[in-house]
Every structure is written in structure tokens, then in C-alpha cells.
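A quick write-up on the structure given underneath.
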Amino acid sequence: MVEIKNFNAKGDGITNDTAAVQAALDSGEVVHFTPGTYLCGTLYMRSNGGIHLDEGATILAIPGKENYNADDFSPRNRVFASEKVSGAHLIIAEECENISITGKGKIAGNFKSVFDLTQTEERWRPHYPRPEWRMAQMIFLAACRNVIVKDVTLCDSQYWTCFLLDCENVVISGVKVRADRMVINADGLDIDCCRDVLIENCDIDCGDDCIAIRANESHAKRQAPCDGVEVRNCQLRSPACAVRIGVGNGTLRNCTLKELQIRDSSIGVGLCPSYSRGKCVEIDNILFENVYFEGKSPFV
């Protein structure tokens, strides 16, 4: 483990710490963040390294699109123009292995820096107007193996909070997700074309789907079934779906979801094999067990 302060990061919430934090990540070690606010643009994780945030330590998204990756930095990256979102991310790991994001600190998307909180639009529910530019998935992990995300708080995203694409052997444990309910498309955890994923003991309250399990091979750029996802002992709250199963054009199979507490949600479980014309997910062997629901519609 290396100390972030040894790389001249200020952690004062004013200084742009991107270069200092990136230098620490480039060491290939787990980077230890002591209490402070580290104002950063796009950061790239490296194999065998990670981020460990002490309680009171926050990685905060810096305003300004010039501080973020280009939309076309990877063929796996997608820009959803219809949702008025860019292809930018705060944390990126692509084709990495043995990586971790841990600790009692926070990774924060700083949605207030791009949304006008004084205005409201009505679609199928009230939301802030979508800005001209906003960051996409706050955390973007693609084609990675042996991933641990544990105990951290992921909050204030501008779009999806944490997106895993074509990853294998993933553990997400004890994570708290907090995204403003008025931020449209503010998902919690999106698991797409991944294998052997465990999500446990998480507390998710967000503006869109809490947990979305998908199989969109057009994103993965290869045939990659979503296979072997287990979700257990989680608390979920959403104005949309607490759990969404489907979306894409691949295969989604062998998933277990159990001991879920779903409260204050519009939809408990949404099955969505077809989201757009000409695309359909093959769904096979999905088990729900011991699911408690309070809300409008338990199942659609």
C-alpha cells in the first residue's frame, strides 16, 4: 500500500488532485487515502492495485468536461445521446485484474455541479432537467477479473453510479449507494455480461434501477453471457425498479436474488427481455427467494 500524500495530493477540496492521484494509481499498488476531499477528473486504475479510502476521505468529481476522458477512449464505451449523457467517467478500469475499491470513505459524482436544482421537469416522474453535458457512469469497470468493491459509499452520481461490463469474479459487499431521486437515470449497480458476481449486504437508494442485471453484448463487443450473479441480503429503494432483469441482445442465466428488503419503490422486480426494437435477451434460470416488498407494483 502506498500513501496518497507521498504523491503531493492536497485533499483540500480546492486543488485539482487528478495528476497526483493518477501517479499514485500508476504505481500498481493499493493507494491509501487519508481523510480529505480529493478533487479529481478521470482516474485510471491499474492491475494489482486499488483505492482504499479512510472514513472521511472522499474522491470528488471535479466540474468541467475538459477534466474527463474522451467519449471514444475505448470501443466498449457508449454514449447515450438520447439520454443527454457523455461517455465520461470518474474512475475507469479496463482489462485489469486483481483490483479493489475499499474502505469507509466516499466516491462522489458531484451531481449538483451540473444539474439545475431549482427547475423540475415531469416525464413519468418529476426530475431535474438533464443538463447539456454530464458525466456517464461514475465508475466504469470493463473486461476486468478479480474485482472487489467493499464498504465504500458511492454517492451523488450524475448518471449510473457503478457499471461493470464483461467482468469476471466480482465481489461487491457492504457498499452504500446514494443517488438523488430527482436525477434521472441515476442507477445504482449495473451488471452487464458479467460472470460469477456476488452482491451482498448492500444498501442502495437511488434515482433509477437499484440493481440492473443485463446482457448487452453490443457493449461487450463479443459473445459474453451474464452468468452466475448472486444478490443477497440487500436493502433497495427506488422510484423506478429496485431490480431490473434484462436489456440487451445476449444471454442472462443462473442468477439468484434472495433476502431482499425492497421499500418505497415503484416496481420491485422488472423483467425486461426486450428494451428496444430488434433486441431481446434470452433469460434462463432466475431464482427469487425471500423478497419483502413495500411500494406500488411488486412485479412487472
Side-chain angles (χ1 to χ4, degrees), residues 100-102 137-139 141 144-155 157 160-179 186-216 224-248 250-273 275 281-295 297-300:
S100 61
I101 300 173
T102 62
Q137 297 91 355
M138 186 173 75
I139 300 175
L141 309 179
C144 294
R145 298 178 64 248
N146 306 329
V147 176
I148 295 174
V149 184
K150 186 176 181 181
D151 295 336
V152 295
T153 295
L154 309 177
C155 60
S157 59
W160 302 357
T161 301
C162 183
F163 179 40
L164 288 88
L165 173 65
D166 195 12
C167 294
E168 296 184 13
N169 192 20
V170 176
V171 175
I172 302 174
S173 179
V175 170
K176 181 183 288 186
V177 177
R178 292 291 183 269
D187 289 17
L189 305 175
D190 287 78
I191 310 300
D192 201 344
C193 294
C194 295
R195 277 82 56 207
D196 300 322
V197 177
L198 172 63
I199 300 171
E200 63 174 0
N201 305 323
C202 293
D203 183 346
I204 304 174
D205 190 337
C206 59
D208 212 316
D209 305 329
C210 292
I211 298 174
I213 304 176
R214 309 155 54 96
N216 199 336
C226 195
D227 192 347
V229 178
E230 180 177 356
V231 181
R232 66 191 186 201
N233 193 33
C234 291
Q235 300 180 52
L236 310 175
R237 292 170 297 281
S238 169
C241 292
V243 176
R244 184 191 289 273
I245 303 290
V247 180
T251 301
L252 196 163
R253 64 194 182 213
N254 304 326
C255 298
T256 302
L257 301 97
K258 59 185 180 181
E259 309 299 339
L260 304 183
Q261 297 286 322
I262 300 174
R263 291 183 167 85
D264 191 21
S265 297
S266 293
I267 299 169
V269 176
L271 286 181
C272 188
Y275 192 74
V281 176
E282 180 182 332
I283 299 174
D284 182 49
N285 193 28
I286 311 297
L287 172 66
F288 290 90
E289 186 176 276
N290 294 334
V291 177
Y292 176 84
F293 175 79
E294 288 180 2
S297 179
F299 187 88
V300 296

*asked:* List the residues meeting salt bridge (Lys or Arg N to Asp or Glu O under 4.0 Å) with D166, not counting sequence neighbours, and say none if there are none.
replied: R195, R222
*asked:* Please enumerate all residues that pass salt bridge (Lys or Arg N to Asp or Glu O under 4.0 Å) together with R253, with sequence neighbours excluded.
replied: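 Expected list: D227.
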Quick one: closest heavy-atom pair of [X] and [Y], and the distance?
{"X": "D208", "Y": "P239", "value": "N-CD, 4.5 Å"}
{"X": "G188", "Y": "V177", "value": "CA-CG1, 4.0 Å"}
{"X": "C226", "Y": "I213", "value": "SG-CG2, 3.8 Å"}

[X]: partners by side-chain hydrogen bond (donor to acceptor under 3.5 Å, both in side chains), with sequence neighbours left out:
{"X": "T102", "value": "H52"}
{"X": "E230", "value": "R232"}
{"X": "R237", "value": "D203, D205"}
{"X": "N201", "value": "N233"}

Can you name the side chain to side chain contact (heavy atoms under 4.5 Å, CB included) partners of [X], sequence neighbours left out?
{"X": "C241", "value": "D209, R244, I267"}
{"X": "V281", "value": "A215, L252, I283"}
{"X": "A179", "value": "S157, T161, A186, C206"}
{"X": "V170", "value": "V147, L164, C167, I172, V197"}

_Rounded distance (nearest 0.5 Å) linking atom CZ of R214 with atom CD1 of I245_ =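 Between R214 CZ and I245 CD1, I get 11.5 Å after rounding to 0.5 Å.
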*asked:* I need the I199 CD1 to L189 CG distance, nearest 0.5 Å.
replied: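 One gets 5.0 Å once the value is rounded to the nearest 0.5 Å.
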*Should we count CD1 of I148 as having more than 12 external heavy atoms under 6.0 Å?*
no
*Just wondering, are more than 12 heavy atoms of other shown residues or ligands nearer than 6.0 Å to CD in E282?*
no
_Can a donor-acceptor pair be found, under 3.5 Å and without considering hydrogens, that links the side chain of S265 to the backbone of S238?_
yes
_side-chain contact (heavy atoms from CB on, under 4.5 Å) between V269 and L257, intermediate numbers included_ = CA-CA 11 Å; V269 176; L257 301 97; over 6 Å; no
*Evaluate the criterion side-chain contact (heavy atoms from CB on, under 4.5 Å) for residue pair D190 and Q137; output intermediate values, then yes/no.*
CA-CA 9 Å; D190 287 78; Q137 297 91 355; over 6 Å; no
Would you give me the side-chain donor-acceptor pairs under 3.5 Å for residues 284-291, sequence neighbours excluded?
| residue | atom | partner | partner atom | Å |
| --- | --- | --- | --- | --- |
| N285 | ND2 | N254 | OD1 | 2.8 |
| N290 | ND2 | E259 | OE2 | 2.8 |

